[in-house]
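Every number for a ligand or one of its atoms is a count from 1 in the order of the listing. The first residue in the sequence is number 1, and the count goes up from there.
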Amino acid sequence: MFKRIPGTKDILPEEVSNWQAIEEATRKIFSLYNYKEIRPPVIEEAALFTRSLGESAEIVQKQMFLIKRDEDTYALRPEGTASIVRAYLENNLDKTTGLMKVYYIGPMFRAERPQKGRLRQFHHLGSEVIGSQEPHLDVEVISLAGKLLESYGIEGYEIKINSLGCAKDKKGFTENLRVMLKDKLAKLCDDCNVRFKQNVLRILDCKNEGCIEVVKELDIRGGHLCPECKTHFDKVTDGLNSLNINYKIDPFLVRGLDYYTRTVFEIIHNGLGAQNALGAGGRYDNLVHELGGPDAGAIGFAFGMERLLLVINKALPAAAKNLVYVITLGDQAKREGLKLLESLRCAGIPSDTDYENKSIKGALRKANDLAARYVLIIGEDEIKKGIIAFKDMASGEQKEIKQTELTDYLKGLLQRG
Ligand code: HAM
């Protein structure tokens, strides 16, 4: 028998209702903030990610699922930001839309070592805003991320923020770090020794005990920001304060992707274990230009949906199903049942029947398993009399209803809730 690939997951029918509940809450919140949905493809030119995330980013170096075809190399998207900037430019939205506020929900692919909360195919629920450098936009995006978590009933999370500064500040910060760390390489792990050469900022969020000890001693409290970036960050924190949003400034928060500048943030939850980030994001003010577009500020974030579900860890209220289950006794009744189902569905009433030739007892049990609200039974007698036997599954009430009046009767019941 075939097995699924490690790090992938079947989302089974009984789990899907939680996914749908999250998606529904997400769409409501995004529309409240006037964000529209975007659906880019899951496969892109690999170079788009190399260029956007940076040659030395771990995702690019080790985690991209690559597909070679003739001369071309494609990648299953490891994240959404680069695709959305590509779509923004390719579809001339910079010229037609101006500021673009979008959200997306969909699968991402990274060849990581699977563990709790870390998959090879996982789902992002994210958003990107392209076309503004306004610090209050950062405030909107961070507050929106918090609103989403509230709408899923998630509590006990922590928002950490930092500013990396502009490209020049980041460069200065990187050089400074190199100077501070160059005598301490022996105390750093092998990965951090590689990072020292390629991506020194990542040493700040290494989880290795020895590296944490070294990093703790470094004096890096925001001194790398130029006056403009400092003002930007002050306006962000001031805006967050004015909305009473709880956050913690974490000077060690850097993020692993090259495109980030200025504000970066991460939302963590202790219920997650080692992979404790529910989501993360930040500004990427230079990416649009680097991918061939105009100078356009941009910011976004993404939650890992599997991680949201890990902390929710309970069934979310599903949309009311109001299922009507039709049970037929005998061949003639089956034919009547077929027509009845058609009329129920045409009237917008969710309905189903038994296709497994169960006994009446078995069919009633099935109706119960499906949480059907009402059961309709048709046999020879009912056909002769032009009636349907009706059963309310919650109260147990049973009665006969004229076939001609059935749809209106059910509609009335379902409308009353
Ligand atoms: P990221 O931090 O790489 O950021 O991913 C965002 C979130 O996706 C993480 O915080 C985590 O919850 C989830 N995640 C990442 N990798 C995995 C995995 N292997 N398995 C399960 N969940 C995972 C980005 O991707 C940026 N594009 C976010 C962003 C949008 N920045 C600006 N705009």
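Between E397 and K399, at least one side-chain N (NZ, or NE/NH1/NH2) sits under 4.0 Å from a carboxylate O, which counts as a salt bridge. A salt bridge is absent between E306 and K116: the closest approach of a Lys/Arg side-chain nitrogen to an acidic carboxylate oxygen does not fall below 4.0 angstrom. A salt bridge links R283 with D285: the closest approach of a Lys/Arg side-chain nitrogen to an acidic carboxylate oxygen falls below 4.0 angstrom. Under a 4.0 Å N-O distance rule, the pair E58/R195 qualifies as a salt bridge. For the pair K339 and E342, the salt-bridge criterion is not met [side-chain N within less than 4.0 Å of a carboxylate O]. A salt bridge links E44 to R86: at least one charged side-chain nitrogen sits closer than 4.0 Å to a carboxylate oxygen.
One N or O on the side chain of S343 and one on the backbone of L340 form a donor-acceptor pair closer than 3.5 Å.
Near A302, meaning under 4.0 Å from one of its heavy atoms, ligand 1 places the atoms 6 (C), 7 (C), 28 (C). Interface of A280 with ligand 1, defined as ligand atoms under 4.0 Å from a residue heavy atom, comprises 2 (O), 10 (O), 28 (C), 29 (C). Near Y260, meaning under 4.0 Å from one of its heavy atoms, ligand 1 places the atoms 26 (C), 28 (C), 29 (C), 31 (N), 32 (C). With ligand atoms numbered from 1 in the order given, ligand 1 contributes 7 (C), 8 (O), 12 (O), 13 (C) to contacts under 4.0 Å with heavy atoms of G304. Annotation for ligand 1: atoms under 4.0 Å from non-hydrogen atoms of R255 are 1 (P), 2 (O), 4 (O). Residue contact check: E112 has heavy atoms under 4.0 Å from atoms 16 (N), 17 (C), 18 (C), 19 (N) of ligand 1. Distances below 4.0 Å separate heavy atoms of L119 from the following atoms of ligand 1: 18 (C), 19 (N), 20 (N), 21 (C). Of all atoms in ligand 1, numbered sequentially from 1 with element shown, those under 4.0 Å from a heavy atom of A277 are 10 (O), 11 (C), 12 (O).
At a heavy-atom distance under 4.0 Å, only side-chain atoms of E128, from C-beta outward, approach ligand 1. Of all the heavy atoms of Y259, the ones lying under 4.0 Å from any atom of ligand 1 belong exclusively to the side chain. If you look at I299 next to ligand 1, there are no close heavy atoms at all, none under 4.0 Å.
In this comparison of A57, A82, G300, the heavy atom closest to atom 32 (C) of ligand 1 sits on G300.
Of the protein's non-hydrogen atoms, the one nearest atom 8 (O) of ligand 1 is H124 NE2, 2.8 Å. The protein heavy atom nearest to atom 10 (O) of ligand 1 is G279 CA, 3.3 Å. Protein heavy atom nearest atom 11 (C) of ligand 1, with residue, atom name and distance: R307 NH1, 3.4 Å. Residue, atom and distance of the protein heavy atom nearest to atom 15 (C) of ligand 1 are R110 NH1, 3.5 Å. The protein heavy atom nearest to atom 21 (C) of ligand 1 is G117 O, 3.2 Å. When hydrogens are left out, the protein atom nearest atom 14 (N) of ligand 1 is F122 CE1, 3.6 Å; that is the closest non-hydrogen contact. Of the protein's heavy atoms, E79 OE1, 2.6 Å lies nearest to atom 27 (N) of ligand 1.
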For a quick test of your reading: what N or O donor-acceptor pairs under 3.5 Å do the side chains of residues 97-107 make, sequence neighbours left out?
from	atom 1	to	atom 2	distance (Å)
K101	NZ	Y33	O	3.0
K101	NZ	E140	OE2	2.9
Y103	OH	R27	NH1	3.3
Y104	OH	E128	OE2	2.6

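Residue Y284 places no N or O, backbone or side chain, under 3.5 Å from any N or O of ligand 1. An N or O contact shorter than 3.5 Å is missing between E306 and ligand 1 by distance.
The aromatic rings of F390 and Y409 lie perpendicular to each other, with more than 60° between the two planes, well past the 30° mark. Aromatic ring pairs are classed by plane angle as parallel below 30°, tilted from 30° to 60° and perpendicular above 60°; the pair F173 and H224 is parallel.
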